[in-house]
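Worksheet: the structure to be examined is printed underneath.
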Amino acid sequence: MIGVIESGNSGNVHRALHSIGCDSETWTGTQDALVLPGVGHYGAFMRSIDRRAVRAWIDGGGKTLAICVGMQALYQWSEEDCTPGLGLLKGMCYRLEGRVPRVGWFPVDGTYYYFTHSFSAGADMVRYKNTLGVQFHPEKSGRAGMKLLAEWARD
Amino acid sequence: MIRVIATMLIDPARGVIKGQQFQHDRVIGEPIQWARVMSRIREVDELVIFDVTHNPPDLGLLERIAAECWVPVAYGGGIHDTGTALRILKVTEKVVLNWKTGPIWQEIADSAGLQAVVGCIDLYPGAPIGCPGPFGEVLVQSRFRDGMMNGYDVEAITGLRVVTDAPIIASSGAGSPADCVAAVRAGADAVACGAMYAFSDTTPNDVKRALHAAGYPVRLMEAV
C-alpha cells in the first residue's frame with residue numbers, strides 16, 4: 001500500500017498509481033511507501049505537511065517518491081517562501097531564469113518528461129537514501145512517466 | 001520539442017463528437033475511453049478537449065477524463081467567467097478561451113499563471129484577426145477547414161507567427177503528416193488533429209516520425 005500526502009494534484013497521482021496496479025490511500029505513516037506530490041506554492045506546501053514525521057520517514061530510509069514541489073521540499077530552503085524545507089539535501093531552490101513557469105516536455109537522460117515549475121534546485125532527478133525526487137510530473141508524462149512510477153513502485 | 005496533440009470534441013450528454021465545419025452531428029465514441037487510448041496507447045503529447053454544446057462545463061466528466069489521461073489536458077467551451085476557469089484548472093492544465101473573451105483571461109493568468117491560458121483564434125472569411133493577449137499559447141482554428149482533412153490554414157499560421165511570440169497550436173484541417181510538417185514549417189509549435197486520428201490510418205506517431213524526418217525535435221513513442 002502506498003500512502004499519498006494530499007495536496008495539489010494528488011487525485012491524479014492516486015489515479016496514476018491505480019492504473020499501474022498499485023493501491024494507494026491518504027498517507028498516515030503506516031503504509032509501505034510515501035508519495036510526496038506537490039503543485040503550487042512552496043510555503044503553503046511546507047506548512048500543510050507534518051514535516052517532522054515526513055522528515056523522519058525519509059531520513060529513516062522509508063521508500064519515497066517526491067514530485068515537483070515535493071522534491072524541492074527535500075532541500076533546505078526555497079526563494080519562493082521563507083518557510084524552511086526538510087533540509088535533507090544541501091542546497092536551495094532558486095527562481096528559474098527566463099520565462100517562468102517553465103512548462104513543457106524536456107529530456108532527462110534522453111527521455112522526455114512533462115515539467116511545470118518556476119523554481120528549481122538545479123536537478124531534474126535526485127536520490128537520497130530510499131527516496132527518488134523528480135522535478136517533472138511522471139503522472140502526466142505519458143508512458144515514460146508511468147514506467148518510472150511502476151519501476152519506483154516495484155523497486 | 002514540437003507537440004503532437006489530439007483534439008477531442010465532446011457533448012457530455014452524447015459522447016465524443018465528429019466535427020465538420022463546426023457542425024456536430026455524429027457521435028464517434030466515449031470520452032474517457034478516447035482519452036485513455038490517445039494518452040496511453042497513441043502517446044500524444046497533450047489532449048485538447050472542446051465541449052461543443054455551449055452549456056456550462058461538465059466538471060465531473062472533465063475530472064474523470066483528466067484522471068484517466070496520462071498527458072496534460074487543455075479544455076475549452078462554456079467558460080465565461082474567471083471562477084469557472086479556475087475551477088476547471090484544478091482538474092486540467094490549461095483552459096482555452098476565445099481571444100475576444102473580455103479581460104477574464106488576464107484574471108485567470110494572474111491566479112493560475114499565463115501558461116494555463118490558451119487564446120483561441122477562429123478563422124472564417126471576414127473574421128477579425130488579431131491576437132491581443134498576451135496568452136500562454138495561441139490555438140488557431142478554422143471554421144471551414146474543421147474536420148475536412150484537407151490541410152491547415154498555413155497562411156494564417158505564417159501571419160500569426162509574425163504578431164505573437166507565444167507558442168502556436170495549429171488546429172482544424174490536418175489530413176496527413178505532411179500537413180502537420182507544413183504547419184510547423186510555417187511557425188506552429190504544436191499540431192492538433194482530431195478527424196485524422198479518428199478516421200484515417202495515420203496515428204500520432206506517424207506525425208511524429210514525419211516531423212522527426214523533417215528535422216524537428218519530437219517525443220517519439222517509447223518502445224514497450
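Within every chain, numbering begins at 1; the chains are lettered A, B, ... in the order of the sequence lines, protein sequences first and strands thereafter. Heavy-atom basis, side chains included; hydrogens, waters and symmetry copies ignored.
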Can I get a per-line list of side-chain donor-acceptor pairs under 3.5 Å for residues 110-117 of chain B, giving both atom names and the distance, sequence neighbours left out?
{"from": "B:D110", "atom 1": "OD1", "to": "B:Q106", "atom 2": "NE2", "distance (Å)": "3.2"}
{"from": "B:S111", "atom 1": "OG", "to": "B:E107", "atom 2": "O", "distance (Å)": "3.4"}
{"from": "B:Q115", "atom 1": "NE2", "to": "B:A112", "atom 2": "O", "distance (Å)": "3.2"}

Open item on the list: If you apply the rule side-chain contact (heavy atoms from CB on, under 4.5 Å), what do you find for B:C69 with A:K140, and how did you get there?
Closed with: CA-CA 8 Å; B:C69 188; A:K140 286 286 164 185; 4.2 Å; yes
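Identified under the side chain to side chain donor-acceptor pair (under 3.5 Å) test for residues 85-97 of chain A, with sequence neighbours left out: none.
Atoms OH and CZ, on A:Y113 and B:R219 in that order, are 10.5 Å from each other to the nearest 0.5 Å. B:E68 CD to A:S19 OG: the interatomic distance, rounded to the nearest 0.5 Å, is 7.0 Å. Summarising the geometry, atom CG belonging to A:N12 is positioned 13.0 Å from atom CH2 belonging to B:W70; distances are rounded to the nearest 0.5 Å.
Your options are B:R3, B:R40, B:M1, B:R36, and the one with the most heavy-atom pairs under 4.5 Å with chain A is B:M1.
Under the 3.5 Å distance criterion, the side-chain polar atoms of A:W105 are matched with a main-chain donor or acceptor of B:D45.
Listed here is the closest heavy atom pair of A:Y114 and B:E93: OH-CG, 4.0 Å. Pairing each heavy atom of B:E43 with each of A:R143, the nearest pair is OE2-N, 2.7 Å.
Within a 6.0 Å radius of NE2 in A:H41, more than 12 heavy atoms belonging to other residues, nucleotides or ligands are found.
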